[in-house]
Amino acid sequence: MLDLKWIREKPEQVRAAIATLQITAPIDEILALDEQRRSLLCEVEVLRARRNKVSKEIGRLRGAPEAEPLKDEMRQVGQQIKALDQQVKDVEARLHDAMMNVPNLPHESVPVGVDESENVVLRTEGELRLFDFEPLPHWDLGPTLDIIDFERGVKMSGTRFYVLKGLGARLQRALIAWMLDLHVQQHGYTEIYPPFMVREECLWVDGKLPKFRGNVYHDAEEDFWWIGTAETPLTNLHRGEILAADVLPLSYVAYTACFRREKMSAGRDVRGIKRGHQFDKVEMFKFTTPESSYDELEKIVDNAEDVARLLGIPHRVVLMCTGDLGFVAAKKYDVEIWTPGCQEWLEVSSVSNVEAFQARRGNIRFRRERGARPEYVHTLNGSGLALPRTLIAVMENYQQPDGSIVVPEVLRPYMGGVGVIR
RNA sequence: GGAGGGAUGGCAGAGUGGACGAUUGCGGCGGUCUUGAAAACCGUUGUGGGCCGAAGGUCCCACCGGGGGUUCGAAUCCCUCUCCCUCCGCCA
């Protein structure tokens with residue numbers, strides 16, 4: 001959510017910024033509703049002030065007969081207030097609804113572009129391995145080594161499900177445990193184990209609703225929503241709180257399963273374990289002061305890159321242009337790693353500075369010092385990293401001519417000393 | 001799943017229809033005293049919105065878990081939702 005006062009005062013700037021996102025937003029409607037709301041409030045508050053006064057007067061009269069005409073009059077005023085309240089409620093509901101459909105605005109450092117073709121590759125790190133044989137994709141390696149079972153996954157749950165088996169399951173678990181330890185011990189994050197199912201409100205706060213309703217699983221019976229990312233519960237961790245400035249930045253890292261309906265990408269990436277309905281992810285999240293959020297953004301990107309570096313897998317960092325920013329980010333980087341079997345750069349992390357967009361929705365604030373008025377925090381999130389795709393990268397980059405897979409050095413302590421999957 | 005009790009300011013805890021945005025205590029902040037500190041004493045201490053304004057305002061409105069209702073008037077009465085606690089049942 002944007003600051004309504006800002007839209008009121010600088011509508012042209014807001015409109016221009018949104019245009020670069022290739023998204024439309026109901027700015028005119030918001031301006032009209034805001035105007036309407038304030039004029040209604042003026043009207044109803046005058047009536048309320050009068051009723052408060054007269055009601056006290058009636059109280060003082062202690063049931064004397066001269067109170068009766070006043071009561072009659074206040075009954076009328078009460079009706080008017082009720083009617084106006086209803087109008088205010090209507091207008092506010094429409095205003096809120098419109099505000100929830102306004103995307104975040106891009107930071108000035110974000111390149112203007114129409115779509116993903118205008119994203120900017122900022123840097124590429126690591127040497128692409130030279131193969132003296134034809135590297136296989138993971139969907140061939142996995143079944144041959146009996147560590148991925150596609151058929152039985154589909155038998156149980158349908159398309160986009162699979163089973164990891166034996167050292168395949170172990171390798172994913174090793175990656176998760178190692179990543180968590182890395183971020184906790186080397187990068188200063190606090191580990192969180194959040195709920196995987198949340199109430200609807202959490203999705204409004206983090207910006208998944210109303211825009212991405214179609215991508216979220218919902219349990220109608222209990223009204224639970226299955227998270228598509230740990231960002232959702234982590235954003236809501238401090239919802240409604242006023243934090244002390246000296247605890248900021250708060251840095252959290254969480255492992256969760258993630259669930260996505262993938263209605264938007266039906267038919268895309270159906271092969272292998274690139275895009276499933278259920279996947280694991282390690283997610284970094286920060287609550288910061290406004291002035292430090294862009295420094296923290298760079299740190300999160302670097303933390304994500306560290307995972308690729310330490311695994312010894314080439315990666316690159318891509319800066320999203322305005323047209324590919326999405327709904328909530330003010331600035332976003334993707335980290336992609338090279339997969340020689342799939343022959344593509346796979347997105348394994350998306351790192352965003354959301355500024356105060358989620359904080360306004362969730363009323364997440366901080367106080368600079370005692371007595372100071374609360375201000376909104378900035379929130380940032382970034383994968384560190386997404387699991388199945390990192391698993392793909394390990395399998396494909398570390399494959400040997402005989403089809404076996406060498407376990408990266410850093411993971412061996414987490415693999416019970418296993419050095420090669422064969 | 002059944003039965004009961006509860007939700008009030010940073011915390012604890014009063015308040016069961018009108019002078020209550022809310023007694024009091026603790027904590028915090030400022031002050032007096034003191035070489036300094038403690039104690040004691042005095043003062044102060046929430047959030048959001050509106051209006052006017054350059055800063056600001058002895059201005060107005062709302063907020064006692066959320067939503068609705070009764071009433072001239074609701075923290076207080078009624079309905080409902082959420083959450084917490086106690087007991088019973090079931091259970092990884």
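Chain letters run A, B, ... following the sequence lines, proteins first and then strands; every chain starts at 1.
Remark: the Q358(A) side chain and the Y376(A) side chain contain no N/O donor-acceptor pair separated by less than 3.5 Å.
Residues R260(A) and F279(A) are in side-chain contact: their nearest non-hydrogen atoms beyond the backbone lie under 4.5 Å apart. D219(A) has its side chain within reach of W226(A): a pair of non-hydrogen atoms, C-beta onward, lies under 4.5 Å apart.
Comparing rU16(B) with rG6(B), their C1' atoms sit 16 Å apart, to the nearest whole Å. With C1' as the reference atom, rC41(B) and rU34(B) are 14 Å apart, rounded to whole Å. Here the separation of rC11(B) from rC64(B), taken at their C1' atoms, is 16 Å to the nearest Å. On the P atoms, rA12(B) is 28 Å away from rA62(B), given to the nearest whole Å. Spacing between rG17(B) and rC77(B) at atom P, rounded to whole Å, works out to 8 Å. Nucleotides rG21(B) and rU76(B) place their P atoms 14 Å apart, quoted to the nearest Å. The C1' atoms of rG10(B) and rG89(B) are separated by 40 Å, rounded to the nearest whole Å. On the P atoms, rC85(B) is 14 Å away from rU8(B), given to the nearest whole Å.
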Output a table of donor-acceptor pairs, distance under 3.5 Å, between side-chain atoms of residues 297-304 of chain A and any protein atom two or more places apart or on a different chain; print 'none' if there are none.
unit_1, atom_1, unit_2, atom_2, d
E298(A), OE2, Y333(A), OH, 2.6
K299(A), NZ, E296(A), OE2, 3.2
D302(A), OD1, R309(A), NH1, 3.1
D302(A), OD1, R309(A), NH2, 3.4
N303(A), OD1, Y189(A), OH, 2.7
N303(A), ND2, K299(A), O, 3.3

Under 3.5 Å, side-chain donor or acceptor atoms of residues 193-200 of chain A against the rest of the protein: list the pairs with distances, not counting sequence neighbours.
unit_1, atom_1, unit_2, atom_2, d
E200(A), OE2, W204(A), NE1, 3.0

Going by atom type alone, with no hydrogens or angles, which donor-acceptor pairs under 3.5 Å involve a side-chain atom of residues 405-412 of chain A and a protein atom two or more places apart or on another chain?
unit_1, atom_1, unit_2, atom_2, d
R412(A), NE, V407(A), O, 2.8
R412(A), NH2, V407(A), O, 2.9

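Of the charged side-chain nitrogens involved, none lies within less than 4.0 Å of a carboxylate oxygen, so that K82(A) and D85(A) do not count as a salt-bridged pair. Using a cutoff of 4.0 Å between basic side-chain nitrogens and carboxylate oxygens, K208(A) and E231(A) are scored as salt-bridged. Ion pair D28(A)/R15(A) flagged as a salt bridge, since at least one NZ, NE, NH1 or NH2 atom sits closer than 4.0 Å to an Asp/Glu carboxylate oxygen.
Remark: of the listed residues E344(A), E347(A), H138(A), E344(A) is the sole one forming a side chain to side chain donor-acceptor pair (under 3.5 Å) with K274(A).
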| request: Assign a letter to each nucleotide of nucleotides 44-50 of chain B from its 5' end: B, base within under 4.0 Å of a protein heavy atom; S, sugar-phosphate only; -, no contact. | output: ---SSBS
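The interatomic distance linking E43(A) (CD) with rC51(B) (C1') rounds to 15 Å, in whole Å. Regarding K89(A), its NZ atom lies at a distance of 17 Å from the P atom of rA62(B), rounded to whole Å. A straight line from NZ of K53(A) to P of rA19(B) spans 16 Å, rounded to a whole angstrom. Atom-to-atom, CD of E92(A) to P of rC61(B) comes out at 17 Å; the value is rounded to the nearest Å.
Within the structure, the side-chain hydrogen bond (donor to acceptor under 3.5 Å, both in side chains) test picks out the following pairs touching residues 156-167 of chain A (sequence neighbours left out): D146(A)-K165(A). Within the structure, salt bridge (charged side-chain N to carboxylate O under 4.0 Å, His left out) pairs that include any residue of residues 233-245 of chain A comprise E201(A)-R239(A) (at least two apart or interchain).
Enclosure of atom CZ in R152(A) is not indicated, since only 12 or fewer non-hydrogen atoms of other residues, nucleotides or ligands lie within 6.0 angstrom. Surrounding CD of Q400(A) are more than 12 heavy atoms belonging to other residues, nucleotides or ligands, all under 6.0 Å away.
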| CA sep, side-chain torsions, deciding dist, call: H187(A), D306(A), side chain to side chain donor-acceptor pair (under 3.5 Å) | CA-CA 10 Å; H187(A) 301 148; D306(A) 259 354; 2.9 Å; yes
Which protein N or O atoms sit under 3.5 Å from an N or O of nucleotides 76-82 of chain B?
unit_1, atom_1, unit_2, atom_2, d
rU82(B), O3', R199(A), NH2, 3.0

Produce the list of close N/O pairs, under 3.5 Å, pairing protein atoms with atoms of nucleotides 69-73 of chain B; give distances to one decimal.
unit_1, atom_1, unit_2, atom_2, d
rU70(B), OP2, K82(A), NZ, 3.4
rC72(B), OP1, R75(A), NH1, 2.0
rC72(B), O2', S55(A), OG, 3.1
rG73(B), OP1, R51(A), NH1, 3.1
rG73(B), O4', S55(A), OG, 3.2

Enumerate all atom pairs, one protein N or O and one N or O from nucleotides 26-30 of chain B, separated by less than 3.5 Å.
unit_1, atom_1, unit_2, atom_2, d
rG28(B), O2', R370(A), NE, 2.7
rG28(B), O2', R370(A), NH1, 3.0

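Within the 4.0 Å cut-off from OP1 or OP2 of rA62(B), at least one side-chain nitrogen or oxygen of N52(A) is found.
With sequence neighbours excluded, the residues satisfying ring pair (Phe, Tyr, Trp, His ring centres under 6.0 Å) with Y252(A) are H238(A). Shown here are the ring pair (Phe, Tyr, Trp, His ring centres under 6.0 Å) partners of F161(A), two or more places apart in sequence or in another chain: H277(A).
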| message | Both atom distances under 3.5 Å, Watson-Crick or G-U wobble: I'd like the secondary structure of RNA chain B as a dot-bracket string, with | for pairs made across strands. | response | ((((((((.[[[..)..(.....]]]((((((.......))))))(((((((...)).))))).[[[[[..)....]]]]])))))))....
